[in-house]
Amino acid sequence: PVTRGREAPVVTTAAAPAAAATVEPDQSLAGLPTRRQLPATLASALPALSVDLHVYSPVPAQRFMVISGQRAAEGGTVAGGVVIERITPEGAVAVFRGTRFLLTRE
């Protein structure tokens, strides 16, 4: 990938095997449910989401994801009104109908 800062972004794709993380896991994510752990009523209303591309960088402006074919940066909205609150090394903190959850490659 092309880099604009001093550190290259970490890029993963849905087809790529999980690589050893070079960034420490974000402890503030502890306790957030994954989309599979959402209550059934909310999960059934959640649109189908596929993480096609995940780019994490220490520089927030360089972070983005492609979710179900839509490019989204932090603060962006994708299918069905899902807001990408924050992109993390593991995936993203997403918000749907007021509920925060982890959106990762599953």
Side-chain angles (χ1 to χ4, degrees):
V2 176
T3 60
R4 296 180 199 150
R6 289 179 283 173
E7 297 184 45
V10 176
V11 178
T12 59
T13 63
T22 57
V23 179
E24 289 295 317
D26 187 342
Q27 296 304 314
S28 70
L29 304 179
L32 280 181
T34 65
R35 62 182 153 172
R36 292 178 191 232
Q37 296 170 326
L38 291 172
T41 54
L42 190 62
S44 66
L46 187 67
L49 301 171
S50 65
V51 176
D52 303 321
L53 180 70
H54 170 238
V55 177
Y56 178 81
S57 169
V59 180
Q62 294 178 355
R63 300 174 191 165
F64 72 93
M65 295 177 80
V66 176
I67 301 168
S68 301
Q70 278 186 284
R71 182 183 167 116
E74 291 181 335
T77 302
V78 295
V82 176
V83 175
I84 304 305
E85 182 178 276
R86 182 167 51 109
I87 296 173
T88 71
E90 295 83 16
V93 175
V95 181
F96 181 65
R97 296 187 179 173
T99 300
R100 296 171 76 229
F101 66 98
L102 295 175
L103 179 60
T104 60
R105 294 184 302 152
E106 294 180 348

Ignoring hydrogens, what is the shortest heavy-atom contact between [X] and [Y]? Give both atom names and the distance.
X     : Y      : value
Leu32 : Gln37  : O-OE1, 4.2 Å
Val93 : Arg100 : CG1-NH2, 3.5 Å
Ile84 : Ala94  : CD1-CB, 4.3 Å
Gly80 : Pro47  : CA-CG, 3.9 Å
Ala72 : Val78  : CB-CG1, 3.6 Å

Under 4.5 Å between any side-chain heavy atoms of [X] and [Y], yes or no?
X      : Y     : answer
Phe64  : Leu53 : yes
Val66  : His54 : no
Leu103 : Arg35 : yes
Leu38  : Leu46 : yes
Phe96  : Leu42 : yes

Please report the C-alpha distance between Val82 and Leu49 in whole Å, then the side-chain angles of each, then the deciding distance to 0.1 Å, and finally whether the side chain to side chain contact (heavy atoms under 4.5 Å, CB included) criterion is met. CA-CA 9 Å; Val82 176; Leu49 301 171; 4.2 Å; yes
Should Val51 and Tyr56 be counted in the same cluster of Ile, Leu, Val, Met, Phe, Trp and Tyr side chains packed under 4.5 Å apart?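 In one cluster: yes.
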Spell out, as yes or no, whether a donor-acceptor pair under 3.5 Å connects the side chain of Ser68 to the backbone of Ser50.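 It does hold such a pair.
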Given the rule in the side chain to side chain contact (heavy atoms under 4.5 Å, CB included) test, do Val55 and Arg63 qualify, once you have shown the distances and angles that lead to the verdict? CA-CA 5 Å; Val55 177; Arg63 300 174 191 165; over 6 Å; no
For the CE atom of Met65 and the CZ atom of Arg105, what is their distance to the nearest 0.5 Å? 9.5 Å
Give, for atom CD of Glu74 and atom CD of Glu85, the distance between the pair rounded to the nearest 0.5 Å.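 Glu74 atom CD to Glu85 atom CD measures 9.0 Å (nearest 0.5 Å).
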